[in-house]
Protein chains: 4
Amino acid sequence: MKRNKPKYMQIIDAAVIVIAENGFHQSQVSKIAKQAGVADGTIYLYFHNKEDILISVFREKMGMFVHKITEEIEKKETASEKLLVLIEHHFKNLSENPKLAIITQLELRQSNKELRQKINDVLKDYLFVVDEVIKYGIERNEFTQIVDVRLTRQMIFGTIDEIITNWVINEQKYDLVELAPAVQRLLLNGCGK
Amino acid sequence: MKRNKPKYMQIIDAAVIVIAENGFHQSQVSKIAKQAGVADGTIYLYFHNKEDILISVFREKMGMFVHKITEEIEKKETASEKLLVLIEHHFKNLSENPKLAIITQLELRQSNKELRQKINDVLKDYLFVVDEVIKYGIERNEFTQIVDVRLTRQMIFGTIDEIITNWVINEQKYDLVELAPAVQRLLLNGCGK
Amino acid sequence: MKRNKPKYMQIIDAAVIVIAENGFHQSQVSKIAKQAGVADGTIYLYFHNKEDILISVFREKMGMFVHKITEEIEKKETASEKLLVLIEHHFKNLSENPKLAIITQLELRQSNKELRQKINDVLKDYLFVVDEVIKYGIERNEFTQIVDVRLTRQMIFGTIDEIITNWVINEQKYDLVELAPAVQRLLLNGCGK
Amino acid sequence: MKRNKPKYMQIIDAAVIVIAENGFHQSQVSKIAKQAGVADGTIYLYFHNKEDILISVFREKMGMFVHKITEEIEKKETASEKLLVLIEHHFKNLSENPKLAIITQLELRQSNKELRQKINDVLKDYLFVVDEVIKYGIERNEFTQIVDVRLTRQMIFGTIDEIITNWVINEQKYDLVELAPAVQRLLLNGCGK
DNA sequence: AATGAATGAGCCTTCATTCAT
DNA sequence: CATGAATGAAGGCTCATTCAT
């Protein structure tokens, strides 16, 4: 496993394209190899097995994503602003990479228990960032003291995730990023008066 | 296709058990047939194909679910109460049927585009109920006028869905139903002050 | 097995229609039963198995055919005339029953060794008639003494059979019966000078 | 599809043996693979599907056959001699390959419309050779001017085909090749005086 | 005599992975 | 490092036949 050689990312990028275009179950290893311009066997010099390609795709892309978002959030003072930045970046990141969006919202979910477990491990970094924003908001007394952090995180992530999934299913027909402020308002104040 | 004969429900119930225990891709038709106590071929007297079993499981169970929830919601006067009933029933229904929960939250998502399209068609009835509650709340001036119905529905459904999925992944270690009031509060008032 | 009850012929006739329309391998017992207006199980009160339907179709239709042709041939004086009548009737019979032609020329050949053996048994009656004509021609010194009866019969039957098969494959686009005199001439005099 | 690698012919030859011995419908792909000494999956590196094996067997063998016969025919001066060579070679070719004869005369006919269409396409090359001989005979005034080429070809091919089929059915009990001159005589002069 | 729901054996094909070159 | 030909396990579905009613 040599994960820093150029062919590694070459295969990752090929996988993103192939999976987004063909769907998870129609993305044979040979198809990814062809797209990457390598032989089938070469895949196995860089990945343990097919599942490993998938989880690696997610890990690489999500790693970059979490890194960028952490940077941006640190620049903001208030928890509300941090929340807005989080939503905006999540929306923006996937808006700019519709193929990646198809994979994270649709294709990656077509996996079995074990694979999904590994995906969740990767996701933890992101959920940790969400948790930090919530705790920060509570500390600063911007957020209500009575909320449960886990429940709040599930609301925030669940809402963002559902909105993006709907956007993907509707074939990205509308602008996702401009929804961010409304989503922030909903999450902060709810739908009640 | 004879969908009212006893064997139809017999197979549906067998499928719930087998799929929850083995996962969709490890649920061979022969396994479901065996669990149902019928011959492999009999499955095909009641279902078009393997996929049809899965979608039928969802349709039957979701149909009952939407029916019950609609009844309960009508009894309540305020939109807030209706929302609470919705959350409670959703949680209660899947709490009482953990195997069904595994299927709706995990296995059913491991499906291809076409199947997911069919699942969404079934889900529409439920989302319609959510939309009605939101519109009712806006009309009665219980909910803020500035919310977007679709976005609000996505928050409500996304939040509930994410909470249940986490509960399933954590192997149903905690009581889901008792979380309902806190979830209602979060959805109505958000996490802000 | 009650082969003189009305349902027997009802099923035979249904089989002719279904096989001609759907082809041998797409003619399920249930399809034939439906066409005949009886239950699947009823078929087995009149036939031993599916193969038995096929061979019975051929036996019934060929029996009638041989009977008629024998009658007609007896009316003629010379072997040449008998040969012409034979060709004409063979052509006429299948021209008037294109569905039957499809079955005898195409579908019936898609059978395994055992079935084909049984078909050949039925065919023997017809080939016997051909042999009789040839022997009669030799006796009367109309036909050359040097021909081998079996070889001659194979030429006569092979030629007629090939011509009809081509006609069926070409979707019966031309008049078969009017070819009879030319075929008779060919068989009697060959293509040489 | 790599049709010039050794494994291609290895599988073709295995198919001839297996199909001749077991019949087409009892020739499972796994049986052919075993006979060829390759894995089941290897078959599909060289053939599209099971049907493709059958048609390829016919194409390869018939191709060789037509090539050889065309060469031999060209050496002969008269149409009569060409006809004799044609019959002799047809008989000889299948006499020397009784397994191939079983396939061409029996198993290959157990196919559906589409497959038979493909077989006819291959057969066309052969029928073209027959047509050429007939036309040559007419041109040279060896054959009577009044014959119809198509009808004559149907007589020649139908007769040869029927004779071989009978020989196969009778389990190759007699010498086929020595019948050739008598068949030629019959085709040239008919059975009449 | 007639029904038709139920049976269950049987097989083509795909594709992740290996390994000799 | 890279190749790609070869492997072989695994399962959804059909349909002729049966038999309880």
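Computed over heavy atoms, backbone and side chain alike; hydrogens, waters and symmetry mates excluded. In what follows, every chain begins at residue 1, and chains take the letters A, B, ... in the order their sequences are listed.
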Just how far, in rounded Å, is [atom2] of [N] from [atom1] of [X]?
X      : N      : atom1 : atom2 : value
A:Y8   : F:dA2  : OH    : P     : 15 Å
B:Q10  : E:dA5  : CD    : P     : 16 Å
A:D52  : E:dA16 : CG    : C1'   : 14 Å
B:F24  : F:dG11 : CZ    : P     : 13 Å
D:I43  : F:dT7  : CD1   : P     : 10 Å
D:Y44  : E:dC11 : OH    : P     : 13 Å
B:I53  : F:dG12 : CD1   : P     : 9 Å
C:L115 : F:dA16 : CG    : C1'   : 15 Å

State which of [options] makes the closest approach to the side chain of [X].
X     : options              : result
D:D40 : F:dT7, F:dA9, E:dA6  : F:dA9
D:L45 : E:dC15, E:dT3, F:dA5 : F:dA5
C:V29 : F:dA16, F:dC1, E:dA9 : F:dA16

query: Who is the Watson-Crick or G-U wobble partner of E:dC12, with both distances under 3.5 Å?
result: F:dG11
- prompt: Partner of E:dA20 by Watson-Crick or G-U wobble geometry, both contacts under 3.5 Å, or none?
  reply: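 In the structure as shown, E:dA20 has F:dT3 as its Watson-Crick or wobble partner.
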Do the side-chain N or O atoms of [X] get closer than 4.0 angstrom to the phosphate oxygens (OP1, OP2) of [N]?
X     : N      : result
C:K50 : F:dC15 : no
C:S30 : F:dC15 : no
D:Y46 : F:dA6  : yes
B:K31 : F:dG11 : no

task: Tell me which of C:A39 and D:N49 sits closer to the 5' end of DNA chain E, going by the nucleotide each one is nearest to.
output: C:A39
- prompt: 5'-most contact on DNA chain E: A:Q28 or D:Q28, nearest heavy atom basis?
  reply: D:Q28
Could you tell me if the side chain of [Y] sits less than 4.5 Å from the side chain of [X], heavy atoms only?
X      : Y      : value
C:K50  : C:Q28  : no
C:F47  : C:I32  : no
C:L106 : C:I169 : yes

statement: Contacts of D:G37 and C:E51 projected onto DNA chain F by closest heavy atom; the upstream (5') one is D:G37
message: Can you confirm whether more than 12 heavy atoms, excluding those of C:H25, are under 6.0 Å from its NE2 atom?
response: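 Yes.
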query: NA contact type, A:K34, heavy-atom cut-off 4.0 Å: base, sugar-phosphate, or nothing?
result: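 No contact.
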message: Return the CZ to CD1 distance between A:R109 and A:I103, rounded to the nearest 0.5 Å.
response: 12.5 Å
- request: Could you tell me how the ring of B:Y46 sits relative to the ring of B:Y8: parallel (under 30°), tilted (30 to 60°) or perpendicular (over 60°)?
  value: tilted
